[in-house]
Amino acid sequence: MPEFYAAIPAVAYEGPGGKSPLAFHFYNPDEQILGKPMKAHLRFAMSYWHTMCAEGADMFGVGTLEKSYGHADPMASAYAKAEAAFEFMQKLGLEFYCFHDRDIAPEADNLRETNARLDKISDKLLELQKSTGITPLWGTANLFSNPRYQNGAASSCSPEVFAFAAAQVKKALELTVKLGGQGFVFWGGREGYETLLNTNYALEQDNIARLFTMARDYARSIGFQGPFYIEPKPKEPMKHQYDYDAATAIGFLRKYNLQDDFRMNIEANHATLAGHTFQHELRVAREEGFFGSIDANIGDPLLGWDTDQFPTNVYDAALAMLEVLNAGGFTAGGLNFDAKTRRASNTFEDLFRAYIAGMDAFALGLRMAAKLRADGRLDEFVKARYAGYETGLGLDIVRGKMNLPALEAVALEKGDVTTTSGRQEYLEHVMNCVMFGC
Ligand code: XLS
Ligand code: NI
Ligand code: NI
């Protein structure tokens with residue numbers, strides 16, 4: 001097999017003192033943290049679309065990093081990409097990848113031929129998986145790129161388009177099972193609206209649930225046991241997307257009785273687009289029992305779209321990993337780098353450096369989250385803040401023993417009441433002290 005990234009060595013852990021740009025300084029895969037190796041906590045995955053396919057094109061210019069891997073023919077290029085992908089993942093020590101059907105093989109003139117291409121390329125992927133031990137974290141169907149999805153996929157006004165989406169999901173599920181993928185994602189990139197003037201909101205919602213239900217039933221019938229994930233995003237490409245945020249998606253799943261099979265795939269940049277923090281979305285998913293997987297990236301606070309930057313913000317990563325630890329860790333999920341290098345970072349070396357930066361940031365996040373838990377001051381503060389609900393009046397409220405007249409009697413008797421400080425600045429200082437060692 002040709003070596004595609006000959007100039008890049010296998011990336012090793014050098015520790016905080018090392019200065020090599022192509023080494024990990026904080027991610028030490030086998031180091032035990034809280035009784036588990038770091039790699040088992042983090043379960044890093046490569047996004048096939050950004051890493052192997054996206055060439056840096058934007059609305060104003062063509063790509064800056066060519067990724068045909070030496071082949072003009074699209075299928076020959078797809079085979080080369082598959083080989084390159086596994087070399088890339090092996091050099092970084094990534095054990096998982098995430099893919100859309102259309103990332104691994106380009107669409108042909110008709111569905112039958114497209115599916116035949118997928119059969120061939122998945123044989124190749126399976127071979128590469130067997131020789132490396134790398135497997136998919138999740139698969140998904142790209143129901144947004146082809147012009148047929150301009151009015152939506154499951155939410156399209158056209159039943160024929162709905163049929164195409166269903167056919168694509170069926171094949172993507174079969175591929176995910178064939179390749180041993182642990183989960184299956186639905187990101188509704190075109191499931192929303194541009195204007196309500198032309199939209200039957202209720203039918204569109206029902207139809208999305210119909211496709212999810214069919215997908216669940218078919219997947220279970222072919223032996224897929226893993227979770228489905230909804231990946232919430234409020235907008236882009238649509239003006240309004242139905243899976244706006246975790247709370248909205250969870251409400252949808254409960255309405256349509258899909259809560260046993262679906263979890264959340266929380267993406268950091270989607271959280272910010274929804275006006276939430278990454279921590280908020282993870283907290284909602286966790287507390288509601290829908291914690292699943294993560295698409296790790298960051299946005300630019302000055303820009304209102306999904307910039308998919310590699311995650312390098314350690315503070316955010318620490319808060320995210322605290323949620324992951326408090327959720328009991330990943331089971332089928334993991335951290336997928338749904339991230340791309342900036343257009344001007346146009347070499348393969350930049351791509352390696354970007355993954356190293358992201359993996360090191362989340363390794364730091366994990367280390368910091370473990371320190372925050374060991375320190376205990378944040379947990380203790382929250383526990384003490386709500387201690388009133390553990391005895392007396394609070395316990396009576398929690399146990400449903402009170403009603404409005406009884407509570408009015410308490411308030412009348414007291415005459416007035418004072419409450420405690422929220423101590424936000426102190427807690428932010430505690431975080432800094434724990435993270436930076438004061
Ligand atoms: C786009 C989404 C997409 C999903 C997979 O914003 O993040 O990449 O992760 O379809
Ligand atoms: Ni994503
Ligand atoms: Ni995204």
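FYI, the numbering just counts along the sequence from 1. Both counts, for ligands and for their atoms, begin at 1 and track the order of listing.
- Other residues, nucleotides and ligands contribute more than 12 heavy atoms inside 6.0 Å of the CZ atom of Arg220.
- Counting only heavy atoms of the protein, atom 5 (C) of ligand 1 lies nearest to His100 NE2, 3.2 Å.
- Between Lys39 and Asp30, at least one side-chain N (NZ, or NE/NH1/NH2) sits under 4.0 Å from a carboxylate O, which counts as a salt bridge.
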Show, in sequence, the C-alpha distance, side-chain angles and deciding distance for Thr307 and Gln309, and conclude whether the side-chain hydrogen bond (donor to acceptor under 3.5 Å, both in side chains) test is met. CA-CA 6 Å; Thr307 57; Gln309 291 170 232; 3.0 Å; yes
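- The closest approach between any non-hydrogen atom of His50 and ligand 1 is not below 4.0 Å.
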Tyr97 and Gln129: CA distance, side-chain angles, deciding distance, side-chain hydrogen bond (donor to acceptor under 3.5 Å, both in side chains) verdict: CA-CA 10 Å; Tyr97 67 102; Gln129 288 186 192; 2.7 Å; yes
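- Not one N/O/S atom of Asp308, from backbone or side chain, sits under 2.8 Å from the Ni ion (ligand 2).
- Close contacts of ligand 1 with Trp49, meaning ligand atoms under 4.0 Å from a residue heavy atom, involve 8 (O), 9 (O).
- Between Lys239 and Glu194 no salt bridge is recorded (no basic side-chain N to carboxylate O distance below 4.0 Å).
- Residue Glu267 touches ligand 1 through its side chain alone, judged by heavy-atom distances below 4.0 Å.
- The atom of Asp306 that is an N, O or S and sits closest to the Ni ion (ligand 3) is OD2.
- Rounding to 10 degrees gives 160° for the angle at the Ni ion (ligand 2) between OE2 of Glu231 and OD2 of Asp338.
- Relative to atom 8 (O) of ligand 1, the option among Asn336, Asp306, Asp338 with the closest non-hydrogen atom is Asp338.
- Among the heteroatoms counted here (N, O or S) of Asp295, OD2 is the one nearest to the Ni ion (ligand 2).
- Here the angle at the Ni ion (ligand 3) defined by OE2 in Glu267 and NE2 in His270 stands at 80°, rounded to 10 degrees.
- Ring planes of Phe228 and Phe224: perpendicular class, angle over 60° (limits at 30 and 60°).
- Judged by the 6.0 Å and 45° rule, Arg263 forms a cation-pi pair with Phe290.
- Phe88 pairs in a ring-ring contact (aromatic ring centres under 6.0 Å, His included) with only one of the listed residues (Tyr69, Phe337, Tyr355), which is Tyr355.
- Within 6.0 Å of CG in Asp109 there are 12 or fewer heavy atoms belonging to other residues, nucleotides or ligands.
- Ranking protein heavy atoms by distance to atom 2 (C) of ligand 1, first place goes to Glu231 OE2, 3.3 Å.
- Taking any N or O of Asp295, backbone or side chain, at least one lies under 3.5 Å from an N or O belonging to ligand 1.
- Residue Lys233 has at least one N or O atom closer than 3.5 Å to an N or O atom of ligand 1.
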